[in-house]
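What follows is a set of notes on a single structure, which appears directly below.
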Amino acid sequence: MLDINSMKIGITCYPTYGGSGVIATELGKELALRGHEVHFISYALPFRLTKYVENIFFHEVEISNYPLFEFPLYSLSLSSKMIEVAESENLDLLHVHYAIPHATSAYLAKQIVKNKKLKIITTLHGTDITLVGLEPSFLPLVKFSIEQSDGVTAVSRFLKEKTITNYSIEKEIDVIPNFIDTDVFKKIPYDNCEFKKHIAPNGEKILVHTSNFRPVKRVTDTIRIFNIVQKEVPSKLILVGDGPDRYECEKLARELNLTDSIKFLGKQDGLVEILSASDLFLIPSQSESFGLAALEAMSCGLPVVSSSVGGLSELIKHNECGFIAEIGDIDRMAKYAIDLLTNDKKYDLFSKNARNRAVTNFDKSIVLPLYEQQYKNILDQ
Ligand code: GMT
C-alpha cells in the first residue's frame, strides 16, 4: 500500500553544472525534507548535493570500459543501475530530468524491473527538446520515450508547446515551472562589500551574466551590449561560468579594449554574493526554455535585460522587472540597460518587482507541492 507522505523516489539528472541538474537536486533535497526517500542515480554526485541530508541516497552509475566498446555505453549502464536501485530500494517512481538519454534508459529499466508498478516521470528542460532532440538520429527515440513516460512535465508553456508541435505528441504534458529558495537567493545587504570594492573601486555599476558559455547563450552579445553601456555609464561586467565560447569571449574583450572592465570569474559557488554585489543581469540567449539563471538574479533583486526567446517572457515581465528585446538586438538591450542604470527611481521599482515576482510565483514553497501532486496523480493511475 502506497504511503503518499513517504514515497520512494529515484531521481536521475546530469550531475555537473546546468539548470536541469540544479532543479533535480534541489527538488530531491526538498522532497527528502518532506519525508520522502530520495535516491539519486547518476554518474557523479550532483554538485548541489554538498552535505549530508537525511533520506537522501546516492547511487553511482559505473561505466564499463571493456576494450571492445569504443564508446562508453552510459545509457545502458544507467538502465542497469536504475533496475538495481528500483528493485533493492523498492522505488515507487523514477523521475528523470532532461529526456536524453534519461527517459530512454528509464523506459528500458521499467520493462525489466520486477516491480511492475514502477512509474516513470520525465521532466523536459530545454535543448533535449529544442536542439539535440530534434537531430534525426534522436527524434524518434525522444518522441517514443516521452510518450512511454507515465507523466511528463515541462518547465514552461513554451517548452510544452514546442514538444507537442515538434514531436507530434498527443500525451498530456504538465507545466511545472522552475523554482528557487528565495530565502537563500536573497540580496545580502552589504555595507562594505569587499568584492564590490575590488571589482568596481570607483562605484561603477556592475552588470553580470552567468552561463555555461555555449553558443546558445550568445555570451558575445553580452559583451557587445556591455561595450555600448560602458560608454554611457561607468560600469563593469562580471562573467560567471565556463564553456566552449569562453576563449572567443576573452578574444572579443581584448579586441574591444575591455580587458580592464570585464572580469571572467569562471565557475563559482558564491553566486548569491556575486549577484548581491551586482546591479543588472544580462541574458541575451538564442534559446532559453526557462532561464533559471535569470530567476536566481531576480530573486536577489536584480532587474534583467533579455532576449525575447522561449520561456523568458513567462519569467520576466517586460517593463516591470526587466526588459525583453529581439534576439541579437544589442542596441536595444544596451538602451534598456542604460535606461535602468541611469534612473534610480525606476531601477528601485524594477528591482523590487523582480524580487516580488520570484517570491510570489517561483518560490519552492509554491512549486514543490505541484511536483508532489504530480507524483500522487501518476501513482494513483
Ligand atoms: O537544455 C539545456 O541546454 C541544458 C539545461 C540545463 O541543464 O541547464 O538548460 C535548460 O534547463 C534549465 C533548467 O530547467 C532552464 O533554465 C534553461 O533555460 C534550459 N536551457 C535552454 O533552454 C537553452
Side-chain angles (χ1 to χ4, degrees), residues 11-28 40 42-44 46-48 95-103 121-135 138 142 146 152-163 166-167 173-181 185 209-219 221-222 240-245 267 271 281-299 304 306-316 322 324 327 357-358 361-362 364 367-368 370-371:
I11 293 185
T12 288
C13 63
Y14 283 106
T16 51
Y17 281 77
S20 59
V22 169
I23 289 298
T25 313
E26 296 299 338
L27 175 62
F40 282 95
S42 190
Y43 61 84
F47 77 98
R48 283 272 182 107
H95 184 176
V96 300
H97 291 259
Y98 203 89
I100 306 172
H102 303 149
I121 295 180
T122 298
T123 290
L124 310 171
H125 278 274
T127 50
D128 46 351
I129 293 302
T130 57
L131 210 66
V132 203
L134 290 173
E135 287 178 19
F138 283 130
V142 173
I146 291 172
V152 182
T153 77
V155 298
S156 61
R157 290 194 299 277
F158 157 81
L159 193 59
K160 171 180 171 166
E161 293 312 320
K162 273 278 163 227
T163 311
N166 288 350
Y167 298 82
I173 299 177
D174 293 303
V175 175
I176 303 187
N178 285 336
F179 60 90
I180 194 155
D181 186 338
F185 279 83
H209 167 86
T210 66
S211 77
N212 47 20
F213 282 63
R214 283 176 302 153
V216 77
K217 300 290 175 183
R218 294 180 73 108
V219 189
D221 278 11
T222 299
V240 182
D242 212 333
D245 279 0
K267 289 178 183 173
L271 208 50
F281 191 81
L282 298 176
I283 177 166
S285 306
Q286 178 88 33
S287 165
E288 203 70 67
S289 69
F290 182 88
L292 184 62
L295 175 59
E296 291 174 340
M298 287 165 65
S299 188
V304 176
S306 83
S307 52
S308 56
V309 296
L312 284 171
S313 59
E314 294 170 46
L315 172 65
I316 306 154
I324 292 177
I327 304 175
R357 185 150 173 77
N361 292 68
F362 301 102
K364 63 178 189 178
V367 178
L368 255 295
L370 303 179
Y371 273 116

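We count ligands from 1, going down the list as the structure has it; atoms in each ligand are counted the same way.
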**Asked** Nearest protein heavy-atom contact for atom 7 (O) of ligand 1: which residue, which atom, what distance?
**Response** S20 OG, 2.5 Å
**Request:** Starting from atom 22 (O) of ligand 1, find the nearest protein heavy-atom neighbour and note its residue, name and distance.
**Result:** S289 N, 2.8 Å
**Subset of ligand 1 atoms that lie under 4.0 Å from at least one heavy atom of G18** = 6 (C), 7 (O), 8 (O)
**Message:** Exactly one of I324, V304, N178, L295 should register a side-chain contact (heavy atoms from CB on, under 4.5 Å) with L315. Which one does?
**Reply:** L295
**Request:** May I ask which of I23, L312, V309, N178 has a heavy atom nearer to atom 13 (C) of ligand 1 than the others do?
**Result:** N178
**Item:** Protein residue, atom and distance nearest to atom 23 (C) of ligand 1, heavy-atom basis
**Value:** S287 O, 3.3 Å
**Message:** Strictly below 4.0 Å, N to O, side chains only: are K364 and D181 in salt-bridge contact?
**Reply:** yes
**Message:** Could you tell me, atom by atom, which parts of ligand 1 come under 4.0 Å of a heavy atom of L292?
**Reply:** 16 (O)
**Request:** Mark yes or no for whether T12, through its side chain, and V96, through its backbone, hold a donor-acceptor pair below 3.5 Å.
**Result:** no
**Asked** NZ of K162: more than 12 outside heavy atoms within 6.0 angstrom?
**Response** no
**Prompt:** When you check the side-chain N and O atoms of T153 and T123, is any donor under 3.5 Å from an acceptor?
**Reply:** yes
**Message:** Classify the ring geometry of Y14 against Y98: parallel below 30°, tilted from 30° to 60°, perpendicular beyond 60°.
**Reply:** perpendicular
**Prompt:** ligand 1 versus T130, non-hydrogen atoms closer than 4.0 Å: side chain, backbone, both, neither?
**Reply:** neither
**Message:** With the threshold set at under 4.0 angstrom, would you say R214 reaches ligand 1 through any of its heavy atoms?
**Reply:** yes
**Asked** Which is it for V309 and Q286 under the side chain to side chain contact (heavy atoms under 4.5 Å, CB included) test, yes or no, and what are the steps along the way?
**Response** CA-CA 7 Å; V309 296; Q286 178 88 33; over 6 Å; no
**Asked** Given that the side chain starts at C-beta and the backbone is N, CA, C, O, which of these parts of Y14 lies under 4.0 Å from ligand 1, counting heavy atoms, or is it both or neither?
**Response** neither
**Request:** Answer yes or no for atom 16 (O) of ligand 1: protein heavy atom present at a distance under 4.0 Å?
**Result:** yes
**Prompt:** Given the side-chain rings of F290 and H125, with only the six-membered ring counted for Trp, is the space between their centroids under 6.0 Å?
**Reply:** no
**Asked** In this structure, which one of T222, I316, T210 forms a side-chain contact (heavy atoms from CB on, under 4.5 Å) with F281?
**Response** T210
**Asked** Which residue supplies the protein heavy atom nearest to atom 11 (O) of ligand 1, what is that atom called, and how far is it?
**Response** H125 O, 3.3 Å
**Message:** Closer than 4.0 Å to some heavy atom of G126 - which atoms of ligand 1 meet that?
**Reply:** 1 (O), 22 (O)
**Request:** Number the atoms of ligand 1 from 1 as they appear, then name those within less than 4.0 Å of a heavy atom of G291, with their elements.
**Result:** 15 (C), 16 (O), 17 (C), 18 (O)
**Message:** Side chain or backbone, does G19 bring an N or O within less than 3.5 Å of an N or O on ligand 1?
**Reply:** yes
**Fill in**
Note: heavy atom closest to atom 20 (N) of ligand 1, options K162, E296, E288, belongs to E288
**Message:** How long is the straight-line distance from CZ of R214 back to OG of S285, given to the nearest 0.5 Å?
**Reply:** 9.5 Å
**Asked** What atoms of ligand 1 come within less than 4.0 Å of a heavy atom belonging to Y98?
**Response** 1 (O), 2 (C), 4 (C)
**Prompt:** Taking E314 for the side chain and F158 for the main chain, is one N or O donor matched with an acceptor at less than 3.5 Å?
**Reply:** yes
**Request:** Would you mind checking which non-hydrogen protein atom is closest to atom 2 (C) of ligand 1, with the distance to 0.1 Å?
**Result:** T127 OG1, 2.9 Å
